[in-house]
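Single-structure report; data block below.
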Amino acid sequence: MFFYRVILPLPLREPLIYASSRPLSPGSRVVVPLKRRRLVGVILESIPPGTELPEEVREIQDLLDPEPLLSTELLHFLRWCWEYYLCPPGEMVRQAFPPGFFRELKRRIRLSAAGRRALREGRLPQEWSVLTRPRLIRRVLAEGIIPSAGEIERLVREGLLEEVEDQRGLHPPVEEWLEFVGEEPLSEGEEILRRRKRWPRRLLEEEFGREEVRGWISSGRVRRLRLPRLRKGPVLGDLSLPEPDPEQKRVIQEIRQALGQGFRTFLLHGITGSGKTLVYLKVAEEVLAQGKDVLVLVPEIALTPYVEAHLVARFGSQVAVLHSALSAGWRAAEWFRIARGEARVVVGARSAVFAPLRHPGLIVVDEEHEGTYKQSEGLRYQARDLALMRAKFCGATVILGSATPSVKSYFLARKGRYTLLRLHRRPAGRRPPEIQLVVLQRPGEYLTPELIAAMEETLNRGEQVLLFLNRRGYAPVVFCRECGEALECPNCSLTLTYHRRSGILLCHHCGFSQPAFPVCPRCEGTRFRTVGIGTERLEEEIRQRFPGVGVARLDRDSVTSEKRLYDLLLRLRRGEIQIVVGTQMVAQGHDLPGVSLVGVIWAEGGLHLPDFRAAERTFQLLVQVAGRAGRGTSPGRVILQTRLPHHYAVACALKEDYEGFYREELERRKQLGFPPFSRLALLIFSGIRPEKTEEAARRSASFLASLGRVEVLGPAPAPLPRLAGRYRWQVLLRSPRSSALDQTLRAFLREKSRLVPSGISVTLDRDPEELL
DNA sequence: AGCACGCCGACT
DNA sequence: GTCGGCGTGCTC
Ligand SMILES: [Zn+2]
Ligand SMILES: [Zn+2]
């Protein structure tokens with residue numbers, strides 16, 4: 001007998017042990033019994049002879065993958081993950097792989113040629129004629145056509161029945177792509193296609209018109225091919241891929257030299273348009289040539305599939321796309337294609353860090369500072385950090401790319417752990433924007449004369465304006481005129497935001513909403529006063545101030561689908577819109593070529609949040625938004641309105657002074673003992689009853705403190721002390737050593753049932769990025 | 001996650 | 001006296 005540890009998709013503390021009469025490989029999925037259930041699990045490892053076994057070990061019932069789906073490198077990496085995040089292995093693996101992974105194949109059988117002959121000759125029962133077409137085994141058994149699974153197996157061995165191959169992943173979605181194959185391009189469109197190598201026909205038709213594209217094809221200068229279908233997001237803007245300039249060549253060369261030399265990390269710092277994608281592509285080409293695989297992580301909210309498009313254009317059907325915007329079926333198909341070794345380039349969001357590539361030689365994390373790499377609910381893993389760990393396990397090279405690197409990555413680069421590479425080039429013909437600070441003087445002022453004047457000038461020149469305000473809705477606070485109380489969410493005790501168009505008061509934290517306006521819950525008053533401004537009100541004001549000018553709003557309330565975003569961007573390109581009012585959605589990499597003025601309404605919004613990364617996020621957002629200005633040929637202008645002109649996050653964004661910001665921010669983090677100078681773990685206790693929740697947090701905190709290994713901050717009510725109807729308390733653990741946190745957390749989890757009554761849930765957030 | 005085992009209220 | 005509530009605990 002052979003014995004194996006098997007991971008099951010259940011919150012079990014550890015993998016369970018099963019027996020098999022024949023040897024099996026780690027990484028294969030198996031069907032095992034658990035109590036009276038039948039479950040799919042994956043073999044983690046074999047157990048060496050002589051190891052003490054549980055009293056009763058049950059037998060593996062079935063092997064689903066004759067060839068392992070997961071490499072041992074990936075399994076070791078996953079083990080590291082569940083040990084680091086202190087979660088059940090099954091929980092980790094369920095997060096990592098598509099839902100179909102743990103579902104038993106829907107196996108089908110049908111009559112073989114011999115079987116059909118036997119049926120015709122009457123040697124088989126006539127009701128078996130339904131089996132000339134593939135039929136689910138379960139169904140065949142349920143219908144009683146064949147009484148038992150053993151009988152089916154016997155018939156398959158005898159060659160009367162045959163199993164129909166699993167179709168999963170054999171037909172990934174494709175679409176038509178065009179490739180320039182002529183001698184010389186005869187139009188600008190053909191020239192652009194030549195530079196991009198290949199491009200989806202759908203997008204080319206949008207760019208150049210259906211007729212023109214048809215002309216290229218009929219001339220024979222352009223060839224049609226079927227390649228993986230791109231996600232629907234808009235790919236607008238300049239996508240030409242030039243030859244690398246000398247600086248880019250040096251960067252590419254330096255990374256290439258590190259390939260295959262073991263784990264190494266590069267931090268690639270360069271503004272949008274400086275050619276980071278070009279670097280990824282050139283290095284990826286080399287990695288593939290060396291026989292290794294490539295993994296590219298992109299942020300979840302990258303609505304523009306820019307990097308995906310270039311990867312598919314260059315590497316064709318070797319590319320698999322894993323993105324949450326894809327349907328579950330598509331994702332599963334892509335995932336199995338990777339596992340079978342058919343795709344050697346994977347591009348995807350967060351969970352793609354677990355892609356079953358055999359030999360990753362390069363891992364790219366694009367826009368590495370993006371918050372979406374951190375899962376904010378459930379298992380709170382950080383995909384960028386995990387990418388580094390995975391690379392360490394397989395000796396891969398890592399490129400972290402960003403225009404505004406995270407403080408953590410920058411710190412590690414300065415310390416020498418990463419190699420810092422810079423791209424200074426601005427896109428062709430583009431000058432740095434002129435950034436101007438305007439101090440908001442009067443309370444309630446949000447459109448300064450300076451901004452208005454600049455807007456008028458810009459509009460008169462026929463150029464476009466982008467106004468940035470990171471707060472949706474009409475007004476963030478509504479006061480009762482009778483008693484002066486602010487209307488609050490009954491679940492979270494936070495102020496409700498007034499949304500005028502939809503006529504509701506909305507809680508931006510839990511989603512609670514009620515019709516506007518209710519009766520004041522305190523004094524039954526019916527007259528209200530709105531205070532403050534959100535994008536909805538800003539849009540309204542702008543419409544009044546600039547009659548006859550096309551104004552559009554770009555936030556989650558107005559842009560509810562990719563289609564609407566696409567339409568909006570298209571109208572902007574056609575000049576039907578002159579002013580865009582938006583939240584941070586506008587910071588995210590849409591190419592807005594006609595925008596020459598960016599107005600930031602309230603630069604320090606967000607700085608007040610009780611969060612050690614508030615300044616970092618503000619600085620990054622301001623720089624990203626400012627980068628939206630002057631992307632065409634006209635020089636850009638940025639106006640930052642603020643009440644805190646001397647705050648370093650604002651002042652450094654004004655000068656585009658990364659160095660200055662990071663130095664100041666690191667100094668503060670050091671003084672306060674926050675990351676990257678310490679490691680954190682946040683325990684969030686939540687429950688329906690406030691005093692029980694507090695009691696559990698107190699008991700836990702004193703237990704944690706009694707261990708004496710790490711600093712215990714709290715317990716304290718969470719910054720959102722009531723969320724979605726539950727009271728929340730938190731305890732923050734801090735230590736310079738990750739291993740000390742580890743031991744402390746493990747001790748806590750062992751004692752958890754003693755310290756925390758049922759009904760109180762505890763969430764662990766290791767390396768929290770928000771303390772909210 | 002299921003599913004069983006186990007100790008207290010309103011029913012034949 | 002039993003039927004059933006779902007609170008704790010185990011699954012190789
Ligand atoms: Zn009132
Ligand atoms: Zn709420």
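Letters A, B, ... mirror the listed sequences (proteins, then strands); counts begin at 1.
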Starting at [atom1] of [X] and ending at [atom2] of [N], how long is that distance when rounded to a whole Å?
| X | N | atom1 | atom2 | result |
| --- | --- | --- | --- | --- |
| A/Arg94 | B/dG2 | CZ | C1' | 12 Å |
| A/Leu34 | B/dA1 | CG | C1' | 10 Å |
| A/Arg36 | B/dC3 | CZ | C1' | 8 Å |
| A/Glu91 | B/dA1 | CD | C1' | 9 Å |
| A/Ile760 | C/dT8 | CD1 | P | 12 Å |
| A/Arg754 | C/dT8 | CZ | P | 16 Å |
| A/Lys35 | B/dG2 | NZ | C1' | 8 Å |
| A/Phe102 | B/dA1 | CZ | C1' | 13 Å |

Six-ring centre of A/Phe685, A/Arg699 cation under 6.0 angstrom, axis tolerance 45°: no
For A/Phe101, is the NZ or CZ atom of A/Arg29 found under 6.0 angstrom from the centre of its six-membered ring and inside 45 degrees of the ring axis?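 The answer is yes; both the distance and angle limits are met.
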For A/Arg37, answer base if it contacts any base atom (sugar-phosphate contacts may also be present), sugar-phosphate if it contacts only those atoms, and nothing otherwise; contact means non-hydrogen atoms under 4.0 Å. base
Under 6.0 Å between ring centres, would you say that holds for A/Tyr381 and A/Phe354? yes
Give a yes or no on whether a salt bridge exists between A/Asp611 and A/Arg617, defined as a side-chain N under 4.0 angstrom from a carboxylate O.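 A salt bridge links A/Asp611 with A/Arg617.
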Can you tell whether the side chains of A/Glu342 and A/Arg337 come within less than 4.0 Å, N to carboxylate O? no
Selection: residues 5-17 of chain A, any non-hydrogen atom under 4.0 Å of DNA chain C: A/Leu12, A/Leu16, A/Ile17
Donor on one side chain, acceptor on other, A/Arg5 and A/Ser46, under 3.5 Å: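 A/Ser46 and A/Arg5 do not have a side-chain donor-acceptor pair below 3.5 Å.
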Side chain of A/Ser758 only, heavy atoms from C-beta on: which candidate in C/dT8, B/dA1, C/dG9 is closest?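 Shortest atom-to-atom distance from the side chain points to C/dT8.
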